[in-house]
Amino acid sequence: MSDPSEALASAKAAADRIVKVKRLNACLTPIKELRKSLVAQASAAHPSGVLYGMPVAIKDNICTLEFTTSCGSKILEGYRSPYEATAVAKLKAAGALIAGKTNCDEFGMGSSTEHSAYGRSFHPFDKTRVPGGSSGGSAALVAAGAVPAALGSETGGSVRQPASLCGVVGIKPTYGRVSRSGLVAFGSSLDQIGVLGRSVHDAARVLSVISGRDPRDSTCEERDSLRLPNVPESLQGFVIGIPKEYLPQDLDPAVRRACERAIRLLRELGAAVREVSLPHTAYAVPTYYIIAPAEASSNLARYDGARYGPRFNGSEDVRALYRTTRGEGFGPEVRRRVLVGTYVLSSGYYDAYYRKAQQMRALIAQDFRNVFDRGVDLLFTPTTPTPAFKAGEKLNDPVAMYLSDIFTVTANLAGLPAISVPIGRIKGLPIGGQLIGQAFLEDEMLEAAYALERAVPAGEEA
Amino acid sequence: MAGAWETVIGLETHVQLRTLSKMFCGCSTAFGAPPNTNVCPVCLGLPGALPVPNEQALKLAVRAALGVGCSVHPRSIFARKNYFYPDLPKGYQISQFDQPLATNGSLSYLSPDRGVATATIQRLHVEEDAGKSLHDRFPKQTAIDLNRCGVPLIEIVTGPDFRSPHEARAYLLTLKQVLEYAGISDCDMEKGSLRVDANVSVRPAGDTALGTKTEVKNINSFAYVEKALTVERDRQIAVLEGGGTVAQQTMLYDSKTNSVRPQRSKEESHDYRYFPDPDLPPLVLSEEFIAEQQTLLPELPAKKRGRFVEKYALSVTDAAVLTADRAVADYYEAVVHAGAEPKTAANWVMTEVLADAKDHGDGLRVPPGALANLIGLVRGGTVSHQAAKRVFAEVAERGGEPRNVAEALGVMQVGDTGVLAGWVGEVLSAHPTEVARYKTGETKLVQFLLGQVMKASRGKADPKLAQRVLEEKLTS
């Protein structure tokens, strides 16, 4: 597409499709504002860009100049960022259209998009179920066909988990592959912007555009943008490891069936498949739930009502201002994590929790290096332990909710790239399989994902 | 009353690095801008904004560390110091904690009590400044100015090495000299570019265990350093002599009343929950980088002082005065290099030059070459020392070559014996009594008569020649 009238048509069509799926509560931007902005963007977009005219929705915790950035939180209700995220600026420079802000768990804290101050999002195929989270709005919009791709963000699986539950592709790049500038921080050492797409190709195209160095982020690697691989004829020469800890005895039998079919297909494509072990896997969730809240407790300290965002009643002195703003502005899950994080960093507990968790994180990363050092190129695992669960099912059981990230948190802890690809349906609900790659070798991971995507009858029951 | 007690003081000095931009963003560090104008998403702590270290600040910090003899660590860690305060927009300050930039240094200074003494520098670390809360700008409201927020600082922590308030002050002045010399900081306490907190305790003289310390804050000017520490020391001694115990707490100094008061516990934060800042990778400095900063350090005051004593045969005191300020030391050396005799040049710089500089915003207004020429005129007998001071003032004010200025002022000494004889003749006929007394043996009256000759010449007579003419006439 390089014709301005086509970009305009694309903008209007995207707005129409987003209106049609309003019932999902996936897009937070008011439709009138969205339509107006899309039209304006289409006429200003640069026709030579590689994503010219492509509508891309943006998770609400990524700063945009176009729309508010509330992070699914009351504490940032109506907040307009005076600058935009590097990833968003790169999308615009490539001609993409910013197609509204998507609903998410507050500050990315959650796995169901139920922890949003703006109401829960709905699973596109079953309104009694959740789309996953925290990038649930992005996943639902893509799954419903409203946009070909959307940006999400990951701290422990928030792109791949909803991708798996909604039947779309979700990529979490290597830590440092995409600038975090403008991504509102949750757990800075784990956070990465990721992409949800209709297909591996759509997601990869967007990832390639947003990747690369950024002088605004000291943790972003000094590397060129990711180059897109070709779709391979076969997976001859690939060694794919199956970590046994990710297919435990008590895994949902239908999920196991779907994974076994996917593994068989990988073999048929020519890959050598072998079982491997990542012995510290069992400690990943507890480790994650120390490090992420610790960083969050500090990252969220700035929301105090003193400079921006709404103030709440009872602000007679500064301590009261903090108390009411943070007490009323944050939802229960955020408050829970800020409390946990504050606790694990406090003197007297730091060594027992935070330091221990950092040591365990190093061991988990070492597990992966050991496997990759022994000639394994990629790992294949289920993305999630179950398909989409019912709304409310895990809302009052935080640990059950946390365990839905059990297969995804390790890639964040180790900083590795990972992708979720649909591998079938279970009673009509999609389920994803995960490929975990080596740091900065997204191209290899994407090649295998292309091949798997083509081989899997994704709409079929597993 | 301090006699039976020994005072123990350690200093924590915050110094603003002399950079154009802030520690983690590109905002200006200029002092005195309208409130909240030197700000951006990073130093405002807006959602999603990330810090990126300022390389110039790191260079200056490393130079400072080397200047106070520290080992600079090839790897150090930025840490977050978490606390809530309205002028701290992120809810944490980026600082360094258990792995600072540099440790283990020392700084030698001249103690007024003990002569040359050494302060240990326990650590030097890099951090960002907070903003400013203005409680008196609007009634019953607090205004916040975030211009200072993110300004680069180093904190320099000494051991409990000082034994008196004036010793602490002497260290501080030496530290200031070093930092100013190396262009690391302006060290202007009034503008907040140098701030001092002090740990103070007392113990019975002869004890080796340390007493309970308090931290004295809010010392806003060099003039108050000694006063604040003295007040706190005396307070502690009074408490102990009254049978009480010193509470470990933070004391705020009030310069208006010259007193200290305990900081309200509400203002204190007990647990900063330090942890490594995940937004900033470990600060890794190569050997080459550190070595390069070493080569960029100028000759520091102590070394320069020693060299001046050695090379120019000056007293330690004179050398200390001349090297207290790098610009003055450079000026002095330029005067000497332009041909002036070192000792005479030192006297000129320490008196006329420094006095003139003091009155004119530290400006060294007479070019070093001109001063050397002027000194030459005195030495050659062309201008008297007294007249040379007038020439100096004139050159400082209006410029010009000293010889031309001296001519224009009419202060060139007269060495023509005919003219001198005329003045001598006048004086001898006006003072017959003194002449008679001289002739009966009161030879020291020659000085009085010479004075009269100088007066008659209005200072222009060459004193040596005039005396010769005078003595010839008196004995003829």
Side-chain angles (χ1 to χ4, degrees), chain A residues 61-63 69-71 76 79 81-86 107 176 179-185 187-191 214-220 291 294-295 297-309 317-319 321-322 326 341-350 354-355 358, chain B residues 24-26 36 39-55 77-94 97-98 131 133 135 140-144 146 149 264 266-267 269-284:
Chain A
N61 64 348
I62 299 172
C63 292
T69 299
S70 68
C71 301
L76 282 175
Y79 175 75
S81 175
Y83 76 103
E84 63 189 359
T86 300
F107 289 101
S179 168
R180 292 187 296 117
S181 177
L183 166 63
V184 179
S188 314
S189 72
L190 302 154
D191 293 343
D214 180 13
R216 288 185 195 81
D217 175 5
S218 321
T219 63
C220 187
I291 293 172
E295 294 181 4
S297 71
S298 176
N299 283 330
L300 271 58
R302 67 190 64 192
Y303 308 111
D304 58 9
R307 291 164 305 279
Y308 47 80
D317 68 34
V318 72
R319 297 283 139 184
L321 171 68
Y322 294 162
R326 295 169 64 77
T342 304
Y343 180 82
V344 298
L345 285 179
S346 50
S347 69
Y349 298 98
Y350 183 91
Y354 187 75
R355 194 183 301 281
Q358 290 294 3
Chain B
F24 296 111
C25 63
N36 300 308
V39 292
C40 74
V42 175
C43 57
L44 287 175
L46 293 188
L50 296 171
V52 177
N54 174 341
E55 195 175 324
I77 302 284
F78 285 110
R80 292 185 183 178
K81 179 181 182 178
N82 295 283
Y83 64 97
F84 285 94
Y85 207 74
D87 60 24
L88 188 73
K90 296 191 293 296
Y92 59 84
Q93 178 194 25
I94 304 176
F97 183 52
D98 54 1
S133 292
H135 299 291
K140 293 192 170 187
Q141 293 190 65
T142 298
I144 300 169
L146 296 174
C149 201
R264 278 173 292 147
K266 228 175 138 181
E267 295 165 320
S269 211
H270 296 287
D271 187 350
Y272 290 123
R273 290 171 285 123
Y274 280 102
F275 74 107
D277 190 335
D279 288 332
L280 292 161
L283 177 60
V284 176

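Protein chains get the first letters and strands the later ones, always in sequence-line order, with residue 1 at the start of each. Quick caveat, the model's predicted, so the values are computed rather than measured. Just the heavy atoms: all of them, side chains too, but no hydrogens, waters or symmetry mates, feed the values below.
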Peer 1: Let's test your reading of the structure: which of Ser218(A), Ser189(A), Ser188(A) forms the most heavy-atom pairs below 4.5 Å with chain B?
Peer 2: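 Heavy-atom pair counts peak at Ser218(A).
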Peer 1: Return the minimal non-hydrogen interatomic distance between Tyr350(A) and Pro276(B), and the atom names on each side.
Peer 2: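 In terms of heavy atoms, the two residues are closest at OH-CD, 3.5 Å.
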Peer 1: Which residue out of Pro51(B), Pro89(B), Pro53(B), Cys40(B) racks up the most heavy-atom pairs below 4.5 Å with chain A?
Peer 2: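 Of the options given, most contacts go to Pro89(B).
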Peer 1: Under 4.5 Å heavy-atom distance to chain B, tell me which part of Tyr303(A) shows up: side chain, backbone, both or neither.
Peer 2: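 Contact with chain B involves the side chain of Tyr303(A) alone.
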Peer 1: Return the minimal non-hydrogen interatomic distance between Ser347(A) and Asp271(B), and the atom names on each side.
Peer 2: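 In terms of heavy atoms, the two residues are closest at N-OD2, 2.8 Å.
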Peer 1: If only atom types and distance count, is the side chain of Arg302(A) paired as donor or acceptor with the main-chain N or O of Gly45(B) below 3.5 Å?
Peer 2: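 The answer is yes, because a donor-acceptor pair under 3.5 Å joins these two groups.
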Peer 1: Is it the side chain or the backbone of Tyr274(B) that comes within 4.5 Å of chain A heavy atoms, both, or neither?
Peer 2: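 For Tyr274(B), the backbone is the part near chain A, not the side chain.
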Peer 1: Tell me, side chain or backbone of Leu44(B) under 4.5 Å from chain A's heavy atoms, or both, or neither?
Peer 2: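 Answer is backbone: N, CA, C or O of Leu44(B) sit under 4.5 Å from chain A.
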Peer 1: Quick one: what part of Asn299(A) sits under 4.5 Å from any heavy atom of chain B, side chain, backbone, both or neither?
Peer 2: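 For Asn299(A), the contact with chain B is made by backbone and side chain together.
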Peer 1: In chain order, what residues pass the side-chain hydrogen bond (donor to acceptor under 3.5 Å, both in side chains) check against Ser70(A), with sequence neighbours excluded?
Peer 2: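 Only Asp60(A) meet the side-chain hydrogen bond (donor to acceptor under 3.5 Å, both in side chains) criterion with Ser70(A).
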Peer 1: Between Tyr83(A) and Ala49(B), what is the shortest heavy-atom contact and its length?
Peer 2: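 Looking at all heavy atoms of both residues, the closest pair is OH-N, 2.9 Å.
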Peer 1: Would you say that Pro86(B) contacts Tyr322(A) through its side chain, given a criterion of any heavy-atom pair below 4.5 Å between the two side chains?
Peer 2: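 Yes, side chains in contact.
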Peer 1: With only heavy atoms counted, which part of Leu76(A) is less than 4.5 Å from chain B, the side chain, the backbone, both or neither?
Peer 2: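 The side chain, not the backbone.
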Peer 1: Give me the atom names and distance for the closest heavy-atom approach of Thr342(A) to Arg273(B).
Peer 2: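 That would be O-CD, 3.6 Å.
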Peer 1: If every non-hydrogen atom of Arg319(A) is compared with every non-hydrogen atom of Phe84(B), which pair is closest and at what distance?
Peer 2: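 Scanning both residues, the minimum pair turns out to be NH2-O, 3.3 Å.
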Peer 1: Would Asn36(B) and Arg307(A) count as having a side-chain donor-acceptor pair, cut-off 3.5 Å?
Peer 2: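 No, because no side-chain N or O of Asn36(B) sits under 3.5 Å from a partner of the opposite role on Arg307(A).
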Peer 1: For residues Thr219(A) and Asp279(B), report the shortest heavy-atom separation together with the two atoms involved.
Peer 2: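 For Thr219(A) and Asp279(B), the tightest heavy-atom pair comes out as CG2-O, 3.4 Å.
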Peer 1: Pick from Gly187(A), Ala306(A), Ser181(A): which one has the most heavy-atom pairs with chain B under 4.5 Å?
Peer 2: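 Ranked by contacts with chain B, first place is Ser181(A).
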Peer 1: Apply ring pair (Phe, Tyr, Trp, His ring centres under 6.0 Å) to Phe275(B) and list each qualifying residue two or more places apart in sequence or on a separate chain.
Peer 2: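 Applying ring pair (Phe, Tyr, Trp, His ring centres under 6.0 Å) to Phe275(B) gives Tyr354(A).
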Peer 1: With rounding to the nearest 0.5 angstrom, report the CG to CZ distance, Leu345(A) to Arg80(B).
Peer 2: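 Those atoms lie 10.0 Å apart.
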Peer 1: In the structure I gave you, are the side-chain heavy atoms of Arg180(A) and Leu50(B) within less than 4.5 Å of one another anywhere?
Peer 2: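 The answer is yes; the side chains approach within 4.5 Å.
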Peer 1: Could you state the interatomic distance from CG (Asp277(B)) to OG (Ser298(A)), rounded to the nearest 0.5 Å?
Peer 2: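 Separation between the atoms: 7.0 Å.
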